[in-house]
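To start, the structure itself, in structure tokens.
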Amino acid sequence: MISIQEKNNQIEKSIHDKADKLLREDQVDAVIGYSKGTIPMRSCPVVIRNEKDVDALIWNNFCSINLAKYLAPYIPTLKDEEGKNLRVGIISKGCVGRALIHLAAENQIDLENITIIGIPCNGIINRSRILKEFGVEEILKTSIVENELILKGKSFEKKLPIEEYLNELCKKCKVKSPPSLSSLSEICVGELQDISTIEDDFADISEFESKTTEERWAHIEDLLSSCIRCYACREICPMCYCQLCFVDQKLPRWFGKTTELTEIILYHLVRATHLTGRCVACGACSSVCPMGIDLHLITRKLEHIVKDRFDFTSGLDPETPPPMHQFKMDDKQEFMLEEE
Amino acid sequence: MEKKLLLKDQLSEFYNILEETYNFYGPIEEKGNIIFRKIKNPEDMVLDYSNSKIPPKNVVFPQNEILFEYKMNDDKIEIEEPKDIEEKKVIFGIRPCDANSFYLMKSFFKFGEYEDTIFLRKRENTILIGIGCNNPRQTCFCTSVGGHPFNKEDMDIFLVDLGDKYSVESISEKGKTLLEKFSWLIDARPSDIEMANELKVKAENIISTKLDIEITIKILKNNFNHPIWNEISENCIGCGSCAYLCPTCHCFDVIDEEDHYNNSGKRIRIWDTCQFKLYTLETSGHNPRPSKVERCRNRILHKFSYYPSNYGLIGCVGCGRCVNWCPVNNDLRVILNKICEIERKEESIIA
Amino acid sequence: MIKESKEKREWEPKIIAFLCNWCSYAGADLAGVSRLKYPPTIRIVRVPCSGRINPFFILKSLTDGWDGVLVSGCHPGDCHYISGNLVARRRFAILKDLITFFGIHPDRVHFMWVSAAEGERFATLIKKVSKKVKKIGPNTKFNNSRE
């Protein structure tokens with residue numbers, strides 16, 4: 001078994017090779033990837049346009065952002081002067097690949113112009129959790145050695161096992177690389193994953209659901225009460241591409257905009273309904289939250305609902321319409337009220 | 001005035017005396033985040049923090065602030081003013097950068113003939129008791145924007161953490177009057193003052209980021225339209241983390257929350273940020289800042305160009321919160337350096 | 001809002017009912033014309049189709065202080081707009097799953113099919129809904145309205 005450090009190096013090297021080749025052979029105009037962050041435990045999304053700059057691309061366990069966000073819709077710098085989309089290569093861990101495929105299923109992007117550079121992701125480290133555990137101690141430097149994360153501060157040096165400190169979603173992730181699909185074979189380079197044998201396990205959700213209504217409500221209240229409504233979760237979500245979000249609607253103004261707890265829960269609840277069958281469980285929303293709110297339970301529940309009700313997993317097939325875009329005459333309706 | 005000493009053991013006594021007349025706010029840990037809240041037990045306070053998550057501006061300028069409440073009875077309308085304006089407050093443990101932000105915000109809320117009474121009254125009723133910053137973070141850059149980890153100008157009372165005690169110094173008139181209540185404070189010895197001075201130099205040396213703000217301000221004046229803004233805003237996702245965690249951001253929106261069932265309602269002021277799509281959206285549907293590029297530019301220009309030209313101040317205190325919490329690591333220090341390079345590049349072209 | 005008399009009475013829930021124009025509203029009408037008895041706990045909002053119901057209407061009703069929400073449409077296959085109720089059914093399914101997951105009592109929100117001919121069914125189901133909502137008590141948790 002090779003260590004996480006070695007694996008990261010391998011992935012990084014393959015990113016360099018593939019990006020270099022694509023740019024050199026003029027198969028793409030730009031490559032979106034991650035570059036080194038300026039602070040510990042962060043990475044910075046970057047667009048590379050020239051093969052000379054390829055070395056700026058990195059891979060480590062802090063590459064938390066879902067890059068598909070920059071293609072849905074295309075950011076202005078990825079369009080040419082006439083407003084046409086450039087040909088873009090995108091460094092894709094499993095969830096980026098899934099997001100792209102799902103966006104294609106919703107007709108939001110045209111995969112033809114996109115080259116998916118697949119990489120076998122080995123999990124993203126839960127930055128918020130580490131920062132919370134260290135409290136007021138400042139972490140000045142981090143490095144990944146073997147399977148451990150080494151954190152250096154002013155007066156301490158600590159080692160944490162990476163496996164243990166991954167995002168909860170990454171621990172349960174079954175799609176590490178973009179799914180290999182025959183329909184996509186022309187636009188994919190790099191490592192892909194066979195998805196025919198995936199089996200989901202929702203033990204965590206069953207555990208949470210075995211709690212009483214009051215306990216669940218208390219948990220959700222406690223989880224969301226520190227939300228400041230900066231909408232980082234919405235803005236980083238590749239599926240939140242609405243021109244006008246429901247919370248921003250003014251006529252009528254459905255929503256209170258204050259940080260009253262009911263309004264916060266209402267926001268997260270409605271956002272959850274909007275993401276059912278669409279969320280690809282990348283965990284970006286939790287990674288970016290400045291208040292360190294971990295939304296993984298909600299994300300997992302969304303996956304659970306669509307798997308359970310509609311036997312669907314988002315982002316695995318660009319041809320199948322998402323469950324909320326269709327219906328069947330014989331959908332389950334055990335929740336409907338009946339006379340005895 | 002000469003300096004006094006407050007032993008850390010005496011802190012609860014200090015708190016008890018102040019608590020009689022003032023609502024006492026201080027930094028506590030709430031779900032892993034340091035936030036300024038009303039203190040019930042002085043032992044809850046976390047005073048060795050290096051930067052609170054939410055800046056203490058929320059004590060006088062909360063995220064949701066009721067401007068007035070109304071109630072309609074048949075043909076009468078009753079208007080109720082907010083109750084907490086005259087609330088006497090003490091903010092304890094505020095850092096020099098955050099204290100500086102109170103000054104910056106005041107210059108905004110009291111500009112020309114327009115005065116925001118609610119903010120100004122609240123500010124007037126607030127006493128700042130600050131603590132010098134012994135351990136600035138690596139993202140701090142207060143020295144580049146005219147601040148200092150031991151800057152005491154904007155405080156009423158200034159403390160320095162000397163291990164098991166604080167040196168106490170009153171700065172403003174308000175602070176002097178307040179300290180009279182604490183006649184039992186012992187005088188600081190010369191060795192303590194020396195230690196405080198050493199800590200000051202040490203803290204200054206920890207700050208490694210040096211930015212040339214003077215040049216940045218000059219460059220920004222002439223480069224409203226420059227391709228660099230595309231580059232800077234490229235990976236910005238347009239969330240409000242930077243603004244909501246910023247101690248100097250003061251933009252707000254005013255909304256009415258009606259209660260149709262009871263014929264009543266309230267007018268609330270909530271934080272707003274230039275990064276949101278709704279910011280400066282006009283009724284006609286036109287938005288002068290239609291895309292991320294303009295919105296990102298507005299954030300930088302507001303702090304480093306409009307503020308200097310309107311108030312003669314820099315609209316940033318260098319606390320580094322936005323650097324630490326930007327989801328995509330769009331580092332303000334990098335942005336400012338990039339802007340500085342515009343001129344260098346142009347110079348090299350001419351040369 | 002109806003002014004309550006000040007006498008102390010047993011608490012009765014207030015339930016908002018979104019009824020589709022073509023079946024359920026007519027069903028409710030039939031129940032009334034047939035003089036069937038059912039509890040006076042519901043306030044009806046007529047909507048063109050159950051497919052018109054945005055999950056947000058339901059949640060907003062709760063935060064506005066309603067103790068229960070009821071949505072009723074045509075039976076599957078009978079929709080005036082052919083498939084509006086089938087689209088709605090999927091939405092209701094996930095909404096019910098999610099609110100239950102969030103810790104809001106599942107009996108706060110009800111969905112049912114009532115056709116224009118089923119006055120009796122309407123009355124029976126309203127009795128059932130009222131009973132269920134009454135059992136879980138007033139909506140205090142997920143409620144933003146002040147008294």
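Hydrogens, waters and symmetry mates play no part in the numbers below; they use all other heavy atoms, side chains included. Note that this is a predicted model, so its numbers are computed, not measured. Proteins come first, then strands; the chains are lettered A, B, ... in the order of their sequence lines, and each starts at number 1.
For B:I35, the part lying near chain A is the side chain, with the backbone staying farther off; criterion is any non-hydrogen pair under 4.5 Å. Heavy atoms of A:I65 lying under 4.5 Å from chain B belong exclusively to its side chain. Contact of B:R333 with chain A is made through the side chain alone, with heavy-atom distances under 4.5 Å. Both the backbone and the side chain of B:Q138 have a heavy atom closer than 4.5 Å to some heavy atom of chain A. Both the backbone and the side chain of B:V323 have a heavy atom closer than 4.5 Å to some heavy atom of chain A. Contact of A:L131 with chain B is made through the side chain alone, with heavy-atom distances under 4.5 Å. Only the side chain of A:Y70 comes within less than 4.5 Å of a heavy atom in chain B; its backbone stays farther off. If you measure heavy-atom distances from B:N58 to chain A, you find no contacts under 4.5 Å at all. For B:V46, the part lying near chain A is the side chain, with the backbone staying farther off; criterion is any non-hydrogen pair under 4.5 Å. Heavy-atom distances place no part of B:C242 under 4.5 Å from chain A, backbone and side chain included. Only the side chain of A:I75 comes within less than 4.5 Å of a heavy atom in chain B; its backbone stays farther off.
The two atoms that bring B:C239 and A:A232 nearest to each other are CB-CA, 3.4 Å, heavy atoms only. Among all heavy-atom pairs drawn from A:I228 and B:Q63, the shortest one is O-NE2, 2.8 Å. Among all heavy-atom pairs drawn from B:N324 and A:R127, the shortest one is O-NH2, 3.1 Å. For the pair B:V328 and A:P45, the tightest heavy-atom approach, listed with the atom from each and the gap, is O-CD, 3.4 Å. Looking at every heavy atom in both residues, B:N329 comes nearest to A:T38 through OD1-N, 2.7 Å.
How far CZ of B:F276 is from SG of A:C230: 6.5 Å, rounded to the nearest 0.5 Å. The line from CD1 of B:I270 to OG1 of A:T259 is 9.0 Å long, rounded to the nearest 0.5 Å. To the nearest 0.5 Å, atom CG of residue B:D331 and atom SG of residue A:C44 are 8.5 Å apart. The distance from atom SG of A:C242 to atom NZ of B:K277, rounded to the nearest 0.5 Å, is 8.5 Å.
Qualifying side-chain hydrogen bond (donor to acceptor under 3.5 Å, both in side chains) partners for A:S43, counting only residues two or more places apart in sequence or in other chains: none. For B:D84, the salt bridge (charged side-chain N to carboxylate O under 4.0 Å, His left out) test picks out B:K122, with sequence neighbours left out.
Counting only residues at least two apart or in different chains, salt bridge (charged side-chain N to carboxylate O under 4.0 Å, His left out) contacts with residues 248-264 of chain A comprise A:R234-A:D248, A:K250-B:D253.
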**Request:** Take B:K53 and A:S226 through the test side chain to side chain donor-acceptor pair (under 3.5 Å) and record every step on the way to the result.
**Result:** CA-CA 11 Å; B:K53 180 67 71 67; A:S226 50; over 6 Å; no

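When the heavy atoms of residues 223-237 of chain B are compared with those of chain A, the residues falling under 4.5 Å are B:N230, B:E234, B:N235, B:I237, listed by number.
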